[in-house]
Amino acid sequence: MLVVAIDVGGPEKIGWASSNGRSGTGQDLDAALYDVANALNNGTPVALGFEAPIWTPRREDLKRITSRRLGAEITFNRAWSAGAGCGALGAALGLMPWCFTQIARNTNHRLATTSPIAFDERGKGLFVWEAFVSGHAKAVTHMDDASLALAAFQARDLLAPSDVPDEPAINLAAAALMATGWTLDPWEISGAGYVIAVGYEP
């Protein structure tokens, strides 16, 4: 498996790290995405993580629509809708479709999912996940944050529970994949994504 983690921000505040030993910034992010496409072309499964909320809660109680998601967001007191989380979410709304488009330009293998169970069962295609790097877990540079997220993914059993429990959701990563021509189960648009939080112990 090829694993790539991207620390999300504006063009000058992107960092990335890959399990193939490469890392970089927004200036060479296209090289990382070319590696993703090449892996898919070779039949190698790819896990691509974004350090930003890739799904938001879909709640009935108006008073809770911007409240923290559970799990890691409670532990670290970092809500998806406040401060850095909200800024990263906004940047990800632009960055995710850009990334998916760049990858799709170099591969015809466009099977994707945000479900670790589906990814495990298929053993191929693109899996999009959320990296949560916050508070005391933050590193010095954006590239370092991406490296921490990469290491956390590599240490994880994907059949273990997400660090932010599922709830009714709007899956922004699934929407971006659909909008850029990837094939995934339509139900994913209303399902929570998979979150790996650096330094989190349930």
Side-chain angles (χ1 to χ4, degrees), residues 1-10 14-18 26 29 32-33 36-37 39-40 45-58 69-73 78-81 84-105 107 109-122 124-134 145-146 149-150 152-153 156 158 161-198:
M1 183 191 309
L2 176 68
V3 185
V4 178
I6 301 174
D7 185 50
V8 174
I14 293 171
W16 61 270
S18 174
L29 179 58
L33 303 178
V36 169
L40 293 173
V46 178
L48 177 60
F50 292 89
E51 203 258 301
I54 68 167
W55 64 273
T56 56
R58 180 168 45 91
R69 301 177 298 180
L70 302 180
E73 287 198 357
R78 295 291 191 276
W80 64 273
S81 60
C86 193
L89 184 153
L93 290 176
L95 183 61
M96 286 193 294
W98 183 87
C99 289
F100 300 148
T101 298
Q102 300 307 308
I103 298 167
R105 285 177 176 166
T107 183
H109 299 273
R110 298 177 186 170
L111 179 66
T113 186
T114 60
S115 164
I117 296 174
F119 184 61
D120 181 71
E121 290 176 348
R122 293 171 183 168
K124 62 181 180 179
L126 178 68
F127 170 54
V128 180
W129 54 283
E130 176 181 331
F132 188 108
V133 187
S134 188
D145 279 351
L150 172 65
F153 183 96
R156 172 64 62 96
L158 287 183
S162 171
D163 290 338
V164 175
D166 292 359
E167 63 177 298
I170 298 295
N171 192 318
L172 307 171
L177 286 163
M178 290 178 183
T180 53
W182 291 78
T183 300
L184 67 162
D185 289 330
W187 66 264
E188 292 193 32
I189 194 71
S190 59
Y194 191 76
V195 182
I196 297 177
V198 173

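Below, each value reflects all heavy atoms present in this structure, side chains not excepted, and no hydrogens, waters or symmetry copies. Numbering of residues begins at 1 and proceeds along the displayed sequence.
With 3.5 Å as the limit, one finds no donor-acceptor pair spanning the side chains of E188 and S115.
A donor-acceptor contact shorter than 3.5 Å is absent between the side chain of D7 and the backbone of D145. Judged purely by atom type and a 3.5 angstrom limit, W16 has no side-chain atom pairing as donor or acceptor with the backbone of A32. Not a single donor-acceptor pair under 3.5 Å links the side chain of T180 to the backbone N or O of T101. Using a distance-only test at 3.5 Å, with no hydrogens or angles considered, no donor-acceptor pair links the side chain of R110 to the main chain of G181. Remark: the backbone N or O of W80 is paired with a side-chain donor or acceptor of E73 at under 3.5 angstrom. Side-chain atoms of R69 come within 3.5 Å of backbone N or O of W55 as a donor-acceptor pair.
Residue S18 comes nearest to V4 through the heavy atom pair OG-CG2, 3.8 Å, listed as atom of the first residue, atom of the second, then distance. For the residue pair A88 and P53, the shortest heavy atom distance occurs at CB-CD, 4.3 Å. Scanning both residues, A92 and P97, for their nearest heavy atoms gives O-CD, 3.9 Å. Contact between G193 and S162 at its shortest, heavy atoms only, is O-OG, 4.1 Å. Residue L33 comes nearest to C99 through the heavy atom pair CD1-CA, 3.7 Å, listed as atom of the first residue, atom of the second, then distance. Nearest heavy-atom pair across I14 and G9 is CG1-O, 3.5 Å.
We find the CD1-OH distance between I54 and Y194 to be 11.5 Å, quoted to the nearest 0.5 Å. Atom CG in L95 sits 11.5 Å away from atom CD in E51 (nearest 0.5 Å). Between the CD1 atom of I103 and the NE2 atom of H109 there is a distance of 14.0 Å, given to the nearest 0.5 Å. Distance CZ/F127 to CE/M1: 8.5 Å, rounded to 0.5 Å. For the atom pair CG of L70 and CD of E167, the computed distance is 6.0 Å after rounding to the nearest 0.5 Å. Between M178 atom CE and I189 atom CD1 the span is 5.0 Å, to the nearest 0.5 Å.
The closest side-chain heavy-atom distance from L158 to F119 is below 4.5 Å. In this structure, D185 and T113 have side chains that are not in contact, with every pair of non-hydrogen atoms separated by 4.5 Å or more. Residues L150 and F153 are not in side-chain contact: their nearest non-hydrogen atoms beyond the backbone lie 4.5 Å or more apart.
For I170, the CD1 atom counts as densely surrounded, since its 6.0 Å shell holds more than 12 non-hydrogen atoms of other residues, nucleotides or ligands.
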Are W129 and R156 close enough, and set up right, to give a side-chain contact (heavy atoms from CB on, under 4.5 Å), and what steps lead you there?
CA-CA 12 Å; W129 54 283; R156 172 64 62 96; over 6 Å; no
Kindly determine whether W182 and L126 satisfy side-chain contact (heavy atoms from CB on, under 4.5 Å), including the steps that lead there.
CA-CA 9 Å; W182 291 78; L126 178 68; 3.9 Å; yes
